[in-house]
Amino acid sequence: MKKYTQSITITLLVILLVSSVQKCSYWKSTSNTNLDALTDTVRYYKNALGTQTASIKTLQLTEKQLKEIIIKKDNTLKALASEFAKVKSVLKYKTVTRIDTVKVKYTEMIPCEFERSGSRVNKWYSFNYYSNENGIIIDSLTISNTTAVITGIKRKWLLGRQTITTDITNSNPYIQVNDIKSAEIDIPEPWYKKWYVWFTIGVIGGILSSN
């Protein structure tokens with residue numbers, strides 16, 4: 001019986017050691033990844049479609065860290081995240097659309113000579129314009145926008161059905177989202193992280209230590 005007890009104890013200690021090593025290795029890897037992500041800058045490259053892609057490394061945070069480091073420090077994200085029971089990921093990015101020149105030629109020339117020019121500038125767009133009897137020219141058209149993307153769990157009431165949802169919010173009221181495709185890979189939790197595994201180990205350890 002003593003030999004059997006020693007074997008179980010050694011096995012449990014090995015399991016705890018392996019789990020501890022794996023956990024330390026995970027946190028070390030995550031810390032190094034986050035350090036790289038914090039110092040990373042936006043990169044641009046030509047993708048497989050032949051268009052430009054902006055890319056940056058992603059922070060890996062716990063739910064608590066996500067709230068403290070990202071959400072609470074941004075009033076927009078804080079307000080939008082309040083609509084979720086649990087936030088799983090957050091993305092916020094800024095875009096500036098620039099069009100050099102837009103020419104609109106009248107199909108029929110206006111029977112009088114005139115010239116008009118000027119500019120329009122506000123929070124959401126700006127452009128210069130020039131018009132005469134032949135048509136209109138718009139140049140330096142600039143449209144700015146900030147987009148917030150939040151994926152998380154929503155439910156209609158406290159004990160209601162949970163639904164994984166992705167919300168996309170644009171700051172520019174003239175920009176509308178017409179279509180969304182959102183998917184998430186469901187990664188099962190490792191067995192050594194299950195609460196009942198540690199509960200069982202604790203109970204067995206308690207029984208063995210009391211003998």
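One-based numbering along the sequence shown.
- Taking a 6.0 Å sphere around NZ of K92, one finds it holds more than 12 heavy atoms contributed by other residues, nucleotides or ligands.
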Could you give me the CA-CA distance, side-chain angles and deciding distance for T101 and I137, then say whether side-chain contact (heavy atoms from CB on, under 4.5 Å) is met? CA-CA 7 Å; T101 306; I137 298 176; 3.9 Å; yes
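- Taking all atoms of both residues into account, the shortest heavy-atom contact from Y106 to E133 is CD1-O, 3.3 Å.
- Every residue two or more places apart in sequence or in another chain was checked for a salt bridge (Lys or Arg N to Asp or Glu O under 4.0 Å) with E83, and none qualifies.
- Nearest heavy atom pair, residue I164 against residue E184, reads CD1-OE1, 3.7 Å.
- Grouping the Ile, Leu, Val, Met, Phe, Trp and Tyr side chains by contacts below 4.5 angstrom, directly or via other members, places Y93 apart from Y44.
- Put simply, OG1 on T163 and NZ on K154 are 10.0 Å apart, with the number rounded to the nearest 0.5 Å.
- Taking the side chain as every heavy atom from C-beta outward, N132 and E113 never approach each other to under 4.5 Å.
- Legend: residues meeting side-chain hydrogen bond (donor to acceptor under 3.5 Å, both in side chains) with T166, ordered by chain and number and at least two apart, are T151, S182.
- Taking a cutoff of 4.0 Å between a charged side-chain nitrogen and a carboxylate oxygen, D179 and K181 qualify as a salt bridge.
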Please determine whether side-chain contact (heavy atoms from CB on, under 4.5 Å) holds for the pair I153 and T165, giving the CA-CA distance in whole Å, both sets of side-chain angles, and the decisive distance to 0.1 Å. CA-CA 6 Å; I153 296 174; T165 306; over 6 Å; no
side-chain contact (heavy atoms from CB on, under 4.5 Å) between I71 and V90, intermediate numbers included: CA-CA 8 Å; I71 296 176; V90 170; 4.3 Å; yes
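- A donor-acceptor pair under 3.5 Å is absent between the side-chain atoms of E68 and the main chain of Q65, judged by distance alone.
- The line from CD1 of I175 to OG1 of T146 is 9.5 Å long, rounded to the nearest 0.5 Å.
- Evaluation of the side-chain hydrogen bond (donor to acceptor under 3.5 Å, both in side chains) rule for N134 yields no partner, not counting sequence neighbours.
- For the pair N172 (side chain) and Y174 (backbone), a donor-acceptor distance under 3.5 Å is present.
- The shortest distance between side-chain heavy atoms of V149 and T169 does not fall below 4.5 Å.
- Looking only at side-chain heavy atoms (C-beta outward), L80 and T76 come within less than 4.5 Å of each other.
- In this structure, I150 CD1 and L77 CG are separated by 5.5 Å, a value rounded to the nearest 0.5 Å.
- Taking the side chain as every heavy atom from C-beta outward, N178 and Q176 approach each other to under 4.5 Å.
- Both I168 and L91 belong to a single network of hydrophobic side chains, linked directly or stepwise wherever heavy atoms of I, L, V, M, F, W or Y lie under 4.5 Å apart.
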Show the numbers, then the answer: is there a side-chain contact (heavy atoms from CB on, under 4.5 Å) between Y130 and R116? CA-CA 6 Å; Y130 171 80; R116 294 288 187 275; over 6 Å; no
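- Between R98 atom CZ and D139 atom CG the span is 13.5 Å, to the nearest 0.5 Å.
- In this structure, CD1 in I136 is found 4.5 Å from OG in S131, a value given to the nearest 0.5 Å.
- Here E63 does not pair with K88 in a salt bridge; the nearest charged N to carboxylate O distance is not below 4.0 Å.
- Counting only distance, with no hydrogens or angles, the side chain of N145 and the backbone of S171 share a donor-acceptor pair below 3.5 Å.
- Y129 is listed as a side-chain neighbour of R120, based on a closest heavy-atom distance under 4.5 Å.
- A distance of 8.5 Å separates CZ in F127 from OG in S119, rounded to the nearest 0.5 Å.
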